[in-house]
Amino acid sequence: MKNVLIVGAGFAGSRLAKELLQRGDRVGTLDFLAPMENEKTWELQEYPDFTYNWKALQDLTAHDLEGFDTVIHLAAQADVPLGFRSPKWTVEQNVMGTVCLLEACKEVKLDRLIYAGSGNEWGRGLYFPIDENHPLTPHNPYAFSKAAAELAMWSYNRCYDVPVVVMSNGCVIGPGMRKEIFIFKWLFNILRGRPVVLEGGDQTRDITYADDVIQAWRLAIDAGRDTVVGQKFQVSYGREMAVEKLLETCFEVCEREVPIIRKPYRPGEAGQRECFNNTKAKEKLGYAPKVDPEEAIRRTRDWMLAEYSEALGPERR
């Protein structure tokens with residue numbers, strides 16, 4: 001039985017919490033949303049081994065960590081576009097929030113602290129495929145905030161021996177996903193017969209299905225401490241695809257095409273490549289992603305058809 005605290009009970013955090021509870025672990029979450037405002041955890045709140053700490057990350061103390069041996073850091077401002085409009089707030093949330101967590105973690109004895117990194121931290125690859133040893137090369141405010149938070153993790157690991165593990169992934173999609181991710185917005189408009197916006201086109205993404213990412217985190221929780229502490233793992237699916245090709249895939253999955261509104265790249269995004277090497281995670285963790293990008297998009301479409309049938313209206317397929 002593991003005692004796991006998940007900081008950030010959103011899309012990924014709530015899914016991971018459910019899987020851990022179902023296998024018999026004790027799970028706590030900490031989130032700034034009130035329990036009844038966080039619909040993703042309503043089902044979880046019925047489990048006797050689940051606790052919900054309604055608290056902002058910036059007010060976390062060592063007392064909040066008592067009784068937990070594993071901490072999962074999933075609390076972040078996670079939307080790239082908001083990073084352009086609110087860079088100061090994004091950095092405050094992602095960097096200073098991480099420092100607040102680290103300050104609490106250094107005061108207690110933990111088995112491991114697992115940080116959810118981002119493929120955005122490598123916006124300008126120096127070589128390909130990008131592995132865990134590649135220098136961080138952020139290319140926008142959001143990417144900078146995630147890279148700086150990861151550097152904070154490693155500095156506390158070296159300075160205070162905080163048992164850090166970093167898990168980095170590309171673009172995660174699937175049931176319950178965040179709605180500001182381009183795949184969701186494209187599918188939503190295609191299913192309604194509305195135009196879609198394509199910014200740039202030849203920049204690439206590594207689409208990874210949520211179940212595969214959750215599998216990787218479970219493996220990191222269960223692996224021997226010597227295998228994971230002080231290590232970084234790339235847990236994307238492992239296939240580079242241009243965003244224009246991904247849009248074509250969305251058309252194919254929805255069995256229809258809609259007009260494309262072409263716009264320039266987001267600032268800093270021209271030339272971005274998500275070409276990742278997940279060999280280390282496969283060899284050391286036993287990571288085995290099963291859902292390819294096409295199937296991930298198809299399953300996401302099916303979930304949207306069931307979940308948003310009213311919003312999609314009579315034009316839905």
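The analysis underlying the following values was restricted to heavy atoms, covering all of them including side chains, and did not include hydrogens, waters or symmetry mates.
- Taken together through direct or relayed side-chain contacts under 4.5 Å among Ile, Leu, Val, Met, Phe, Trp and Tyr, L74 and L60 form parts of separate hydrophobic clusters.
- Considering all non-hydrogen atoms of both residues, P138 and F144 come closest at CB-N, 3.5 Å.
- Checked by atom type and distance alone, the side chain of T204 never pairs as donor or acceptor with a backbone atom of A242 at under 3.5 Å.
- Across all non-hydrogen atoms, the minimal contact from E274 to R205 is OE1-CA, 3.4 Å.
- Interatomic distance, CG of L191 versus CZ of R256, reported as 7.0 Å (0.5 Å rounding).
- Between L44 and A17 the shortest heavy-atom distance is CD1-CB, 3.7 Å.
- In terms of modelled atom types and a separation under 3.5 Å, the side chain of T137 and the main chain of R124 share a donor-acceptor contact.
- For E269 and H139, the side-chain atoms include no donor-acceptor pair closer than 3.5 Å.
- Classification of D222 and R23 as a salt-bridged pair holds, one side-chain N sitting under 4.0 Å from a carboxylate O.
- With respect to Q231, the side chain to side chain donor-acceptor pair (under 3.5 Å) criterion is satisfied by exactly one of K280, E132, K284: K280.
- Both the sub-6.0 Å distance and the 45° axial angle are not jointly satisfied by K282 relative to the ring of Y287.
- Every residue was checked against the ring pair (Phe, Tyr, Trp, His ring centres under 6.0 Å) condition with Y52, not counting sequence neighbours, and none meets it.
- D202 and Y265 are linked by a side-chain donor-acceptor pair at a separation below 3.5 angstrom, with hydrogens and angles left out of the test.
- S86 places no side-chain N or O within donor-acceptor distance of the main-chain N or O of G83, the cut-off being under 3.5 Å.
- Under 4.0 Å is where a charged nitrogen must lie from a carboxylate oxygen, and between R301 and E252 no such pair does.
- In this structure, CG in L247 is found 9.5 Å from CD1 in I297, a value given to the nearest 0.5 Å.
- Each of R239, E240, Q234, H134 was checked for a side chain to side chain contact (heavy atoms under 4.5 Å, CB included) with F276, and the lone residue meeting it is Q234.
- Under a 3.5 Å cut-off, the side chain of K18 and the backbone N or O of T41 do not form any donor-acceptor pair.
- A salt bridge is absent between D212 and K290; no separation between the charged side-chain nitrogens and carboxylate oxygens falls under 4.0 Å.
- The main-chain N or O of G119 is never found under 3.5 Å from a side-chain atom of E121 such that the two would form a donor-acceptor pair.
- Other residues, nucleotides and ligands contribute more than 12 heavy atoms inside 6.0 Å of the NZ atom of K55.
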### Task
Determine, step by step, whether I183 and I207 satisfy the side-chain contact (heavy atoms from CB on, under 4.5 Å) criterion, reporting the C-alpha distance in whole Å, the side-chain angles of both residues, the deciding distance to 0.1 Å, and the verdict.
CA-CA 9 Å; I183 293 290; I207 300 298; 4.2 Å; yes
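- With a 6.0 Å radius and a threshold of 12 heavy atoms from other residues, nucleotides or ligands, W54 has its CH2 atom at or below the threshold.
- Shortest non-hydrogen contact noted between G67 and R26 is O-NH1, 2.9 Å.
- Partners of Y209 under the ring pair (Phe, Tyr, Trp, His ring centres under 6.0 Å) rule, at least two apart in sequence or in another chain, do not exist in this structure.
- The OG1 atom of T70 lies 9.5 Å from the CG atom of L113; values are rounded to the nearest 0.5 Å.
- Remark: E107 pairs with A62 by the side-chain contact (heavy atoms from CB on, under 4.5 Å) rule, at least two apart or across chains.
- Note on L21: it clusters hydrophobically with L16, by side-chain heavy-atom contacts below 4.5 Å among ILVMFWY residues.
- Scanning for ring pair (Phe, Tyr, Trp, His ring centres under 6.0 Å) contacts around F251 gives an empty result, with sequence neighbours left out.
- Between the side chains of E103 and Y156, at least one donor N or O lies within less than 3.5 Å of an accepting N or O.
- Cluster membership for F50 and I72, using ILVMFWY side-chain heavy atoms within less than 4.5 angstrom, is shared.
- For the atom pair CD of Q58 and CD of Q93, the computed distance is 5.0 Å after rounding to the nearest 0.5 Å.
- Side-chain contact of Q77 with T90: a donor-acceptor pair under 3.5 Å is present, judged by distance alone.
- Rounding to the nearest 0.5 Å places CG of L246 at 9.5 Å from CD of Q203.
- No side-chain heavy atom of W303 sits less than 4.5 Å from a side-chain heavy atom of L187.
- No more than 12 heavy atoms of other residues, nucleotides or ligands lie within 6.0 Å of CD in E37, so this atom counts as exposed by the packing criterion.
- Between F184 and Y308, the ring center distance clears the sub-6.0 Å criterion.
- The shortest heavy-atom contact between F68 and G28 is CE2-N, 3.7 Å.
- Contact of the F233 side chain with the S168 side chain is not registered, since no non-hydrogen atoms from C-beta on lie closer than 4.5 Å.
- Between K109 and E66, none of the side-chain N atoms (NZ, or NE/NH1/NH2) sits under 4.0 Å from a carboxylate O, so this pair counts as no salt bridge.
- Here SG of C254 is found 12.5 Å from CZ of R192. Values are rounded to the nearest 0.5 Å.
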### Task
Take D49 and V27, measure what side-chain contact (heavy atoms from CB on, under 4.5 Å) needs, and give me the verdict at the end.
CA-CA 6 Å; D49 288 323; V27 178; over 6 Å; no
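- Qualifying ring pair (Phe, Tyr, Trp, His ring centres under 6.0 Å) partners for W186, counting only residues two or more places apart in sequence or in other chains: F182.
- Judged by distance alone, the side chain of T227 and the main-chain N or O of A223 form no donor-acceptor pair under 3.5 Å.
- Under the 4.5 Å side-chain criterion, counting only non-hydrogen atoms from C-beta, N189 is not in contact with V258.
- Here the closest heavy-atom approach between residue V235 and residue A216 is recorded as CG1-CB, 3.6 Å.
- Atom OH of Y47 has more than 12 heavy atoms from other residues, nucleotides or ligands within 6.0 Å.
- Not one N or O on the side chain of K88 forms a donor-acceptor pair closer than 3.5 Å with the backbone of E92.
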### Task
Determine, step by step, whether N120 and Q272 satisfy the side-chain contact (heavy atoms from CB on, under 4.5 Å) criterion, reporting the C-alpha distance in whole Å, the side-chain angles of both residues, the deciding distance to 0.1 Å, and the verdict.
CA-CA 9 Å; N120 265 274; Q272 180 189 6; 3.9 Å; yes
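- Taking hydrophobic clusters as Ile, Leu, Val, Met, Phe, Trp and Tyr residues chained together by side-chain heavy-atom distances below 4.5 Å, I130 does not share a cluster with M241.
- Side chain of N140 to main chain of A143: a donor-acceptor pair is present (N/O by atom type, distance under 3.5 Å, no hydrogens or angles).
- Residues in residues 79-117 take part in these ring pair (Phe, Tyr, Trp, His ring centres under 6.0 Å) pairs, two or more places apart or across chains: H73-Y115.
- Hydrophobic clustering (side-chain heavy atoms under 4.5 Å, transitive across Ile, Leu, Val, Met, Phe, Trp, Tyr) groups L198 together with V253.
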### Message
side-chain contact (heavy atoms from CB on, under 4.5 Å), that's the test. Do L219 and I221 meet it? Break it down for me.
### Response
CA-CA 5 Å; L219 291 168; I221 292 169; over 6 Å; no
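- Remark: the backbone N or O of G238 is paired with a side-chain donor or acceptor of D206 at under 3.5 angstrom.
- Between the R225 side chain and the D111 main chain, a donor and an acceptor come within less than 3.5 Å of each other.
- Tested against N53 for a side chain to side chain donor-acceptor pair (under 3.5 Å), the candidates D64, T29, D31 yield a single pass: D64.
- Ion pairing between a basic and an acidic side chain is recognised when a charged N comes within 4.0 Å of a carboxylate O; E294 and R298 show no such pairing.
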